[in-house]
Amino acid sequence: YEDDKGKPFDEKWEQEYEGLKKKYGDLLAELRGDNYLIALVGPSAVGKTYAIEKLISEFGPKLKRVKNVTTRPPRDDQDKKYYYLVAKEQFLERMRNSDFLEHDEYLDNYYGSSLDEIKQVLGQANGIFAITPRGAEELYKCRFEINVLFVILQPESDAVLKQNLERRGILDKQKQLRYIEKAKEFNLPESIPHRILNMTSTKADMQIILDLFGPI
């Protein structure tokens with residue numbers, strides 16, 4: 001539909017499609033269906049896992065988790081709920097085979113997602129997962145195939161991120177600084193519609209999350 005800079009190949013596409021809809025109906029909307037994919041964009045330790053767990057707990061079978069693929073070492077046994085954990089060599093082989101819709105490297109680990117996995121989940125319920133900014137830009141190109149909502153989770157302050165890192169046992173000051181600096185890269189261009197949630201690492205976060213996603 002568009003080039004790498006977001007410019008449509010056919011400037012009159014939107015106008016022409018409106019005419020086609022009158023004759024054939026909104027076929028792209030039928031393709032997308034009613035379910036939405038919620039794509040959370042946020043740095044490590046901002047609270048993405050917390051948000052996903054709380055939302056799935058709140059909405060039950062209406063919301064399912066989309067699993068990404070990563071080379072990141074598991075933090076605990078719960079990580080298997082969120083990721084397909086693979087060796088770096090396996091990941092690179094899948095990259096060469098074009099298995100991923102998008103892939104990215106973050107803090108020395110690889111992450112990727114599959115459009116087939118996304119569509120499989122959306123065929124059953126709404127979906128939710130975490131993704132990097134670069135991944136979000138690639139996913140946005142699929143907006144005619146899937147309903148997608150982008151939400152940036154950002155720490156209210158560096159102190160919030162530092163507190164969350166310490167809860168994970170990351171106490172080295174230089175390592176904390178690296179995480180905090182990388183967190184500043186988690187934003188999206190204005191051309192991609194998105195919402196922003198400021199995470200405080202307090203109980204207030206839950207209400208902020210529900211206020212945003214409840215109506216959806």
Side-chain angles (χ1 to χ4, degrees), residues 1-7 9 31-32 35-49 51-52 63-76 78-124 126-154 161 168 170 175 178-196:
Y1 171 68
E2 60 195 15
D3 62 23
D4 290 338
K5 297 180 180 179
K7 181 180 178 182
F9 291 121
L31 174 67
R32 291 193 298 271
N35 292 328
Y36 268 81
L37 174 65
I38 298 168
L40 302 182
V41 180
S44 185
V46 75
K48 299 186 297 296
T49 299
I52 292 172
L63 184 64
K64 291 184 179 293
R65 186 183 295 108
V66 174
K67 293 174 70 172
N68 289 340
V69 181
T70 185
T71 61
R72 193 198 73 194
R75 298 192 192 106
D76 51 45
Q78 296 298 307
D79 249 10
K80 294 179 181 178
K81 295 194 305 184
Y82 293 89
Y83 297 102
Y84 296 109
L85 305 169
V86 302
K88 181 178 179 181
E89 292 75 18
Q90 290 175 284
F91 193 99
L92 295 176
E93 177 66 19
R94 294 188 63 176
M95 279 176 54
R96 288 191 289 269
N97 293 335
S98 301
D99 288 349
F100 298 122
L101 163 68
E102 55 79 24
H103 53 81
D104 201 358
E105 185 178 4
Y106 174 63
L107 292 173
D108 303 322
N109 295 301
Y110 288 97
Y111 297 82
S113 61
S114 160
L115 187 58
D116 288 339
E117 173 85 6
I118 290 169
K119 288 185 174 181
Q120 183 178 355
V121 169
L122 294 182
Q124 308 168 43
N126 295 290
I128 187 168
F129 75 157
I131 195 169
T132 64
R134 179 180 170 187
E137 292 188 34
E138 290 301 314
L139 183 61
Y140 183 61
K141 296 176 183 177
C142 298
R143 62 190 180 278
F144 298 110
E145 296 179 62
I146 58 176
N147 298 310
V148 58
L149 172 67
F150 296 98
V151 180
I152 294 179
L153 300 186
Q154 63 181 22
L161 209 57
R168 287 189 180 178
I170 300 175
K175 195 169 185 180
R178 186 185 179 199
Y179 275 87
I180 290 170
E181 288 303 310
K182 289 293 289 184
K184 294 176 172 56
E185 299 175 7
F186 276 75
N187 48 61
L188 292 176
E190 292 183 1
S191 58
I192 298 180
H194 61 273
R195 306 183 190 188
I196 298 175

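The structure displayed is predicted, hence computed values, not measured ones.
- In terms of heavy atoms, I196 sits closest to H194 at CG1-CD2, 4.0 Å.
- Using a 4.5 Å cut-off on side-chain heavy atoms (C-beta onward), V66 and S113 make no contact.
- Ionic pairing of E93 and R96 is present here: one or more N-O contacts between side-chain nitrogen and carboxylate oxygen are shorter than 4.0 angstrom.
- Rounding to the nearest 0.5 Å gives a distance of 12.0 Å between SG of C142 and CZ of R32.
- Residues V121 and N35 form no side-chain contact, since every pair of their non-hydrogen atoms from C-beta on lies 4.5 Å or further apart.
- Remark: the backbone N or O of P43 is paired with a side-chain donor or acceptor of K48 at under 3.5 angstrom.
- In this structure, N126 contributes its side chain and Y36 its backbone to a donor-acceptor pair below 3.5 Å.
- Across L85 and R72, no two heavy atoms sit closer than the pair CD2-O, 3.8 Å.
- Closest of all the heavy-atom pairs between L107 and S44 is CD1-CB, 4.5 Å.
- Residue E181 holds its CD atom at 11.5 Å from CZ of R178, rounded to the nearest 0.5 Å.
- Other residues, nucleotides and ligands place more than 12 heavy atoms under 6.0 Å from the OH atom of Y179.
- Listed here is the closest heavy atom pair of E138 and L101: CB-O, 4.3 Å.
- Between F91 and H103 the shortest side-chain heavy-atom distance falls below 4.5 Å.
- Under the 4.5 Å side-chain criterion, counting only non-hydrogen atoms from C-beta, I118 is not in contact with V148.
- Taking the ring axis of Y82 as reference, the NZ or CZ atom of R65 stays within 45° of it and closer than 6.0 Å to the ring centre.
- K64 contributes atom NZ, which lies 11.5 Å from atom CG of L122 (distance to the nearest 0.5 angstrom).
- You'll find the side chain of Y110 reaches within 4.5 Å of the side chain of T71, heavy atoms only.
- To the nearest 0.5 angstrom, F150 atom CZ is 7.0 Å from L188 atom CG.
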Review point. When you look at E145 and K119, which way does the side chain to side chain contact (heavy atoms under 4.5 Å, CB included) test go after all the steps?
Key: CA-CA 9 Å; E145 296 179 62; K119 288 185 174 181; 2.8 Å; yes

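- Atom CD1 of I170 sits about 9.5 Å away from atom CG of L161, to the nearest 0.5 Å.
- The side-chain tip of R143 points at the ring of Y140 from less than 6.0 angstrom away and within 45° of straight on.
- The two residues L153 and V46 have their closest heavy-atom pair at O-CG2, 3.6 Å.
- Atom CZ of R134 is separated from atom CD of E185 by 12.5 Å, given to the nearest 0.5 angstrom.
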Practice item. Would you check, one step at a time, whether the test side chain to side chain contact (heavy atoms under 4.5 Å, CB included) holds for F144 with L31? Key: CA-CA 8 Å; F144 298 110; L31 174 67; over 6 Å; no

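- Nearest heavy atoms, A39 versus L139: CB-CD2, 4.1 Å.
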Check your understanding: Does the pair K182 and Y106 meet the rule for a side chain to side chain contact (heavy atoms under 4.5 Å, CB included), with working shown?
Key -> CA-CA 9 Å; K182 289 293 289 184; Y106 174 63; 3.8 Å; yes

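- Looking at heavy atoms from C-beta onward, L37 lies in side-chain contact with F129 at the 4.5 angstrom threshold.
- Here the side chains of F186 and Q154 are not in contact, with every heavy-atom distance at 4.5 Å or above.
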Point to revise | R94 vs V69, side chain to side chain contact (heavy atoms under 4.5 Å, CB included): CA-CA, chis, key distance, verdict | key: CA-CA 10 Å; R94 294 188 63 176; V69 181; 3.7 Å; yes

